[in-house]
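Letters A, B, ... mirror the listed sequences (proteins, then strands); counts begin at 1.
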2 protein chains.
Amino acid sequence: METQNASILLVDDEPDILEFLSYNLQKEGYNVFRASNGIDALKIARKVRPNLIILDVMMPQPDGYEICREIRRDEQLKDSVVAFLSAKSEEVSQIEGFKVGADDFIGKPVKPRVFLFRVQALLRRQNGVKETSNRIFFDDLMIDKESYTVVKAGITIELSKKEFELLILLSSKPGKVFSRDEIFLKVWGPEVIVGERTIDVHIRKIREKIGLGNIKTIKGVGYYFA
Amino acid sequence: METQNASILLVDDEPDILEFLSYNLQKEGYNVFRASNGIDALKIARKVRPNLIILDVMMPQPDGYEICREIRRDEQLKDSVVAFLSAKSEEVSQIEGFKVGADDFIGKPVKPRVFLFRVQALLRRQNGVKETSNRIFFDDLMIDKESYTVVKAGITIELSKKEFELLILLSSKPGKVFSRDEIFLKVWGPEVIVGERTIDVHIRKIREKIGLGNIKTIKGVGYYFA
DNA sequence: ACACACTTTTAATATTTGGTTAACACACCG
DNA sequence: CGGTGTGTTAACCAAATATTAAAAGTGTGT
């Protein structure tokens with residue numbers, strides 16, 4: 001993968017988190033730079049031009065939003081990929097975050113695998129030749145394929161991997177009816193064989209989380225996203 | 001091109017050839033599935049319903065011919081486009097191949113450019129026979145096969161499976177009168193036996209949903225779409 | 001290595017809905 | 001008028017899906 005050797009700038013005022021995240025990133029072969037405040041962050045960013053900048057929202061002085069705004073203003077940095085770190089409680093902050101130009105939101109506490117997965121996705125985006133908008137919007141619903149996140153009416157909803165992949169599939173062609181076979185094939189792959197009810201259960205969980213209206217059933221045919 | 005994103009099933013017991021061909025196909029953006037024996041091939045084919053199936057003739061157990069025969073027997077697969085791969089020496093085999101219902105013969109060794117060209121041609125054929133789009137328009141009516149819905153004067157109407165299949169049949173040849181027997185055969189299949197009134201009831205439901213004008217009756221003959 | 005939390009799958013049960021039927025109404029034609 | 005073919009309606013039934021809870025599988029942190 002091209003995403004190896006990428007440089008990442010981590011900005012957080014809590015040394016533990018900085019340590020934890022950079023440990024995980026370095027283990028994967030990324031080139032990690034750290035800053036514990038906004039001033040240093042910008043200074044380093046301008047020097048290094050990192051492929052990805054990860055900002056903690058809650059910081060003294062210039063907080064994450066401020067830094068991000070500054071980055072977007074800076075001619076040389078404005079195309080950087082910026083991700084925010086934040087305690088998952090604060091829903092409002094996400095909207096604010098996207099407003100100032102964030103590319104992703106990662107909720108704390110972070111699990112290593114999820115974190116690395118997202119970083120990878122973000123770097124892919126940066127390299128990405130084509131970018132067909134990885135966010136899908138439907139009235140009050142936003143589905144972000146890269147960050148495995150769904151935001152419904154401003155609040156973030158966590159979906160498991162399978163749930164998310166299923167939702168992505170359905171929402172990739174709103175209106176199109178996906179047969180069970182098609183769903184099995186595209187979400188589980190050709191080899192895997194699981195019981196029929198498995199899909200129903202996942203569908204149910206998704207409906208439970210994002211509401212009943214979005215996924216509809218046509219008996220004998222399949223499911224579709226509306 | 002419509003032929004992009006097509007799914008192709010490659011079947012060969014020689015891993016090298018499989019690898020070589022799928023590499024070339026994937027490079028062109030095709031969705032490639034592989035199988036190294038007939039059993040797997042049929043299993044995958046039934047799940048995936050590939051647009052094109054490429055079979056090596058010389059394989060242990062069920063050889064290419066056997067697989068092709070089975071495909072032609074299978075109700076769901078019999079309309080697939082099937083191409084054979086074979087060492088070009090064996091001329092006899094071609095006759096056998098066309099007998100079992102092959103659509104094309106590709107001689108080994110294959111050159112990538114020739115191979116891709118043929119694949120393209122075969123996929124065009126597959127699309128050509130079918131409708132160019134899965135939407136059918138009639139003044140203020142749109143029938144969308146993909147979403148099992150009908151849009152009438154801008155508003156979306158949901159149809160059940162049978163209703164939709166019936167409507168698809170009638171609208172596939174506007175003006176043509178379909179006899180009851182023909183409808184039974186094409187919508188219900190040859191085995192299923194249901195009462196005469198069943199059709200009427202479905203016709204009624206469709207009329208109820210999309211309006212009375214579109215489906216007309218000719219007593220003693222059948223129904224047609226106007 | 002263990003316990004814990006979380007996801008995925010299974011299995012068993014309930015519920016829904018679409019397809020079918022049957023009974024009857026209507027229309028047309030000799 | 002009867003006869004034939006179609007329209008209409010409501011009720012039934014079976015198949016498809018929904019819903020649960022519990023088991024099996026996964027990864028994570030201690």
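Qualifying ring pair (Phe, Tyr, Trp, His ring centres under 6.0 Å) partners for A/Phe184, counting only residues two or more places apart in sequence or in other chains: A/Trp188. With sequence neighbours left out, A/Lys162 forms a side chain to side chain donor-acceptor pair (under 3.5 Å) with no residue at all. Considering only residues two or more places apart in sequence or on other chains, A/Asp12 meets the side chain to side chain donor-acceptor pair (under 3.5 Å) condition with none of them. With sequence neighbours left out, B/Arg49 forms a side-chain contact (heavy atoms from CB on, under 4.5 Å) with B/Gln76, B/Leu77. For A/Lys219, there are no side chain to side chain donor-acceptor pair (under 3.5 Å) partners, not counting sequence neighbours. The ring pair (Phe, Tyr, Trp, His ring centres under 6.0 Å) test applied to A/Phe178 returns no partner, not counting sequence neighbours.
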So which protein N/O to nucleotides 28-30 of chain D N/O distances come out below 3.5 Å?
none

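Taken residue by residue, residues 186-194 of chain B places heavy atoms nearer than 4.0 Å to DNA chain C at B/Trp188, B/Val194. Non-hydrogen atoms lying under 4.0 Å from DNA chain C are contributed by B/Ser160, B/Lys161, B/Lys162, all within residues 160-167 of chain B.
Residue A/His202 has no polar side-chain atom (N or O) positioned under 4.0 Å from OP1 or OP2 of C/dT7.
Sorted by first and then second residue, the side chain to side chain donor-acceptor pair (under 3.5 Å) pairs involving residues 32-45 of chain A (not counting sequence neighbours) are A/Glu19-A/Arg34, A/Ser22-A/Arg34, A/Asn37-A/Asp40. Residues in residues 207-226 of chain A take part in these ring pair (Phe, Tyr, Trp, His ring centres under 6.0 Å) pairs, two or more places apart or across chains: A/Phe138-A/Phe225.
Atom-to-atom, NZ of B/Lys216 to P of D/dT6 comes out at 17 Å; the value is rounded to the nearest Å. At whole-Å resolution of the value, CG in A/Leu159 and C1' in C/dC6 are 14 Å apart. Atom CZ of A/Phe115 and atom C1' of D/dG27 are 18 Å apart (whole Å).
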Report task. Using a 4.0 Å heavy-atom cut-off, write out nucleotides 17-22 of chain D from 5' to 3' as B (base contacted by protein), S (sugar-phosphate only) or - (no contact). Result -> BBBB--
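At a threshold of 4.0 Å, the pair A/Arg207-A/Glu163 does not count as salt-bridged, since none of the basic side-chain nitrogens sits closer than that to a carboxylate oxygen.
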